[in-house]
Structures are given as C-alpha cells and as structure tokens.
Amino acid sequence: MKKKLLAVILSSAMMAATLAGCGGNADSAPADNAAQTNTEDGAADDAAVDNAEAPAAEDGAAEEGAASGDSIVSAPTELTYIFADGDEGAKASMNEIVNKFNETYPDITVTIEPGNGGAYSEFIKTKDSVGEFPDVMEMRDTAMYVRAGKLEPLSDDIVSLFTTTTAFDGKVYTAPLGGENTNGIIYNKAYFDENGWTEPTTYDEFIELCQKIADQGDMAPLVVGGQDIWHMGFWFHKAYNDQVLSKDPDFIKHCYEGSKDFSDETVKATFEEMKTIMQYAQEGWVSTPDAQITTFLVNDMAAMMYSGTHMFSQISQADPEFEMGWFPVPSPDGKTRLVGGGGVGGLAISAESAKDPDKKAAAEAFIKFFYAPENYKIYCETLSAIPATVDKPDLAVLDVFQEVIDANETADDLAPMWNGRVGENELPPDFRNFMYKTLIEVLQGTRDIDSACDELNKTWKVSMESFNPITGVGIE
C-alpha cells in the first residue's frame with residue numbers, strides 16, 4: 001500500500017516541480033531563515049537590543065480601533081506582501097493570517113505575491129531591480145538591504161513586542177519570525193524500537209548507528225534533499241561548527257584580515273566530516289528536492305533526516321500515525337552545539353512604502369496583528385517555531401518539539417548559522433552558495449578537498465574586492 005502511495009506522491013511531486021520550475025538557490029527554506037541572526041562578535045553584541053523587560057505593546061488596540069470603526073488610514077490602502085513560500089506550512093499559515101487581517105481591516109487590503117519558492121533571495125532582488133519592491137516582506141539578507149536604504153526602521157512599539165532584536169547603528173529593521181530553526185535528527189521511532197536501537201549520545205555512536213542501518217539494508221540511514229542547494233547548509237553548518245567555529249568563532253573576520261584562509265586545516269576537517277556523514281545518504285540525494293524528504297521518511301525509505309523543527313508539522317500531515325523521535329547530533333569533541341537564539345531576519349517594511357503615511361500605518365498594523373498571540377500562534381504551531389515575542393502564544397506542541405526546546409536550554413553552544421552573522425563575520429553576497437556548490441563537488445568526487453579549498457580562496461579574494469566589512473568596502 002505504501003509503495004502505491006509513494007508512486008502517486010512522487011509522480012505528483014515531480015509534476016509540481018516541473019510546473020513550478022523549482023530552482024536551486026540557497027534561500028528558500030525556513031531552515032535558512034535561521035540564516036539571518038546575531039553574530040557573537042563585539043559589534044553585533046553592542047547592536048543587540050534586549051527588550052525582555054520592556055512592556056508588551058497592546059496588540060489588540062489596533063484591532064479594537066478597526067472594529068469600532070476608527071480607521072487607521074485616510075483612504076482605502078493596498079499593501080503587497082512577499083514571503084518565502086517554498087514551505088507549505090509557511091504558505092498556509094501566512095495566508096490564514098493575511099485573510100484574518102483583511103477581514104479585520106476592511107479599508108486595508110494585503111495582497112500576497114508568490115515568493116517563487118526556492119529562489120526567494122533572487123526573487124526579491126529581481127523585484128527590486130524592476131521597481132516592484134514589496135511594501136512588506138520576509139527579509140533574509142537584512143544587512144544588504146539596510147545598507148542600500150531599502151528598509152524602514154521599526155517603531156518602538158513594534159520592537160517592544162520582542163524579547164530580543166538586532167539593531168544596525170541603533171535601529172531595528174526586522175521583526176523576528178521566531179527563534180532560530182534548531183536542526184537535529186528526526187527519526188522513525190517505530191523502526192528504532194523494532195531493532196532495539198536507542199538515540200546516540202556521542203558522535204561516534206551516531207556514525208555507528210548509521211552503519212547499522214546501512215548494514216541492515218532495508219532503507220537508507222539518512223535522507224538528504226540536495227537538489228535544493230540551501231538544504232546542504234543544514235549538514236554543512238553542523239560540520240563547520242564542529243571543526244571551524246568551535247576553534248575560531250571569528251574565522252571569517254580573520255579571512256577578511258588575511259590572517260587565515262580556506263586552506264585552513266579546520267576547513268579541510270569540515271569537508272572530511274561531511275564525507276563521513278554523507279556516505280549514509282540515500283542514493284540520488286543530489287537530485288532529491290527538499291519537498292520530497294518527508295516522503296522518504298514516512299514511507300520507510302530512510303530512517304532519519306537532519307532538518308529543522310518546521311518539518312514536524314509536515315511529517316504529521318503526511319502521515320498522522322508516523323512516530324517521530326528527535327535527537328541532537330553531538331560534535332566529535334563531545335559538545336552539543338545547536339543552531340538557536342533570535343535572528344536578524346523577519347518581517348520588514350519598505351522604506352519607499354513608508355513615505356506614504358497610509359501605507360506605513362497599514363504596514364505597522366499588519367505586523368502588530370501578525371504577532372498578536374492568537375495570530376502568531378497559527379504561525380508558530382504550523383512551523384513548530386519557537387516564539388520570539390514577549391507575550392507568548394499558548395502553544396499546543398508535539399513532544400518532539402518540547403525536546404528541542406529542552407535541548408536549546410542545555411546545549412553547550414547555541415548560536416546562529418555560519419552564514420547568518422552580521423558585522424565583521426558577515427559573508428560576502430553569494431559566497432554561501434559557492435561554498436555549498438563546492439561541497440557537493442567534493443561529495444560527488446568530482447573535486448578533491450585541496451582543490452576545493454583553492455577554489456574557495458580564489459572566490460573569496462574576488463568577493464572581498466566588492467565586500468569587506470573590515471575595510472568598509474561595500475558597506476556604505
């Protein structure tokens with residue numbers, strides 16, 4: 001029965017991918033929403049705004065005004081809204097909240113424009129280049145758009161909604177959608193129980209477990225959605241965090257300064273760790289889209305996936321009877337390092353749009369409405385997002401999600417993705433994508449590690465000519 005179901009699902013998925021023209025840009029997944037966050041260097045620490053003690057804004061005030069007939073705009077107002085719609089859960093929750101807003105504010109119309117799935121960052125760049133930058137958007141490459149003057153600083157009453165935010169020169173431009181998307185192993189619990197396997201507590205035990213599953217031969221140990229290049233960032237950050245950041249959190253800063261480069265032994269160790277892990281991925285992983293990895297898990301084609309909490313709801317929707325387990329993968333040195341904490345990405349308002357008082361008022365009302373507990377609850381529950389607001393929504397969460405929350409509290413290190421740092425550790429534009437493409441070449445055996453490091457150094461040198469936060473090139 002499962003095989004028949006699988007055939008239908010895969011056929012439908014392939015047809016959808018063909019019609020949608022799925023691309024391989026590194027910016028589609030909410031997992032890479034984790035990508036825009038606070039760096040641990042001093043500059044970003046100074047920029048972080050701690051609002052934990054700030055009083056929560058009266059989220060319902062604007063709604064009460066709308067209900068009582070007091071309009072917040074002087075004339076009917078329309079807003080365009082774009083978000084990364086590559087995830088079905090994100091798409092469903094965003095549509096639901098927008099529909100509720102439009103019903104609450106009859107003189108304001110928020111229109112969602114499709115975010116073009118996998119190529120979201122490129123899509124936003126294209127909209128900007130043709131003069132169609134949205135009024136409100138999910139912002140990823142925040143620093144770049146702040147420097148370009150494209151974003152409007154958020155008002156204090158919006159900033160006060162959140163426990164922490166990240167500021168640029170004292171101004172906050174994004175409302176964080178949630179805590180960073182913590183990655184971990186989501187596994188087939190029934191399959192583990194049948195075989196008497198327990199969750200590994202060390203890195204070596206994890207590799208031994210992968211080998212046991214491979215030796216059994218009935219399914220792949222891991223499913224990886226390598227066709228969507230951003231998906232490679234999940235495992236890459238894990239290895240990079242183990243090997244590079246654990247030894248030098250300012251590695252990127254030192255590369256800008258010229259004291260280090262990508263031929264460093266820690267970078268080579270990152271590639272080696274990736275080679276060890278990826279030997280256990282399913283056959284054809286490089287051509288498997290992220291949208292299909294749930295299918296592999298629930299149809300007994302793979303025992304485990306390494307992804308973020310947004311996958312919990314997708315798995316439950318695909319098979320409500322599927323028993324999920326979750327565990328973090330310890331580092332080779334025994335530490336538990338997780339992606340977590342607040343991020344710099346989130347909802348933003350266009351600076352151009354804010355020049356119109358009605359549009360600015362409408363955009364601010366929409367953001368406040370989005371984060372009202374009863375509305376924010378929809379987003380957080382659908383995507384298993386850790387709430388970023390002071391006034392927490394009352395969430396009904398899965399046991400596995402509670403495990404993630406607990407792991408965040410006890411982790412040895414909780415920090416943003418390698419490509420989500422701001423300040424002196426911010427990556428040059430597009431360097432992340434080049435890293436992931438080079439990684440795939442190494443994993444496929446078309447390039448050796450030394451050659452990969454040489455290519456990374458060449459690309460880095462070129463990238464620094466147009467972007468270097470140490471010297472200020474590309475910053476102003």
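No donor-acceptor distance shorter than 3.5 angstrom exists from the side chain of Ser259 to the backbone of Cys255, with no hydrogens or angles considered. Under a 3.5 Å cut-off, the side chain of His254 and the backbone N or O of Asp250 do form a donor-acceptor pair. Between the Glu113 side chain and the Pro134 main chain, no donor and acceptor come within less than 3.5 Å of each other.
Within a 6.0 Å radius of NZ in Lys247, more than 12 heavy atoms belonging to other residues, nucleotides or ligands are found. With a 6.0 Å radius and a threshold of 12 heavy atoms from other residues, nucleotides or ligands, Lys377 has its NZ atom above the threshold. Around the CG atom of Asp218, the shell of radius 6.0 Å holds more than 12 heavy atoms that belong to other residues, nucleotides or ligands.
Annotation: side chain of Met304 is not in contact with side chain of Asn188 (no heavy-atom distance under 4.5 Å).
In this structure, Phe312 and Phe401 have perpendicular ring planes: the angle between them is above 60°, well past the 30° mark. Between Phe234 and Trp230, the ring planes are perpendicular. Angles over 60° get that label, and only those under 30° would be called parallel. Ring geometry for Phe370 versus Tyr376: interplanar angle of 30 to 60°, hence tilted. Classification of the Trp460-Phe431 ring pair by plane angle, with boundaries at 30° and 60°, yields perpendicular. In this structure, Phe262 and Phe251 have perpendicular ring planes: the angle between them is above 60°, well past the 30° mark.
Of the charged side-chain nitrogens involved, at least one lies within less than 4.0 Å of a carboxylate oxygen, so that Asp193 and Lys189 count as a salt-bridged pair. Ion pair Lys125/Asp430 flagged as a salt bridge, since at least one NZ, NE, NH1 or NH2 atom sits closer than 4.0 Å to an Asp/Glu carboxylate oxygen. For Asp450 and Lys268, the salt-bridge test passes: some basic side-chain N is under 4.0 Å from an acidic carboxylate O. Using a cutoff of 4.0 Å between basic side-chain nitrogens and carboxylate oxygens, Arg337 and Asp412 are not scored as salt-bridged. Salt-bridge formation is detected for the pair Lys127/Glu132: a Lys NZ or Arg NE/NH1/NH2 atom is positioned less than 4.0 Å from an Asp or Glu carboxylate oxygen.
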Steps toward side-chain hydrogen bond (donor to acceptor under 3.5 Å, both in side chains) verdict (Glu273, Gln243):
CA-CA 8 Å; Glu273 183 174 333; Gln243 304 296 340; 2.8 Å; yes
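Annotation: Tyr371 is not in aromatic contact with Tyr379 [ring centroid separation under 6.0 Å not met].
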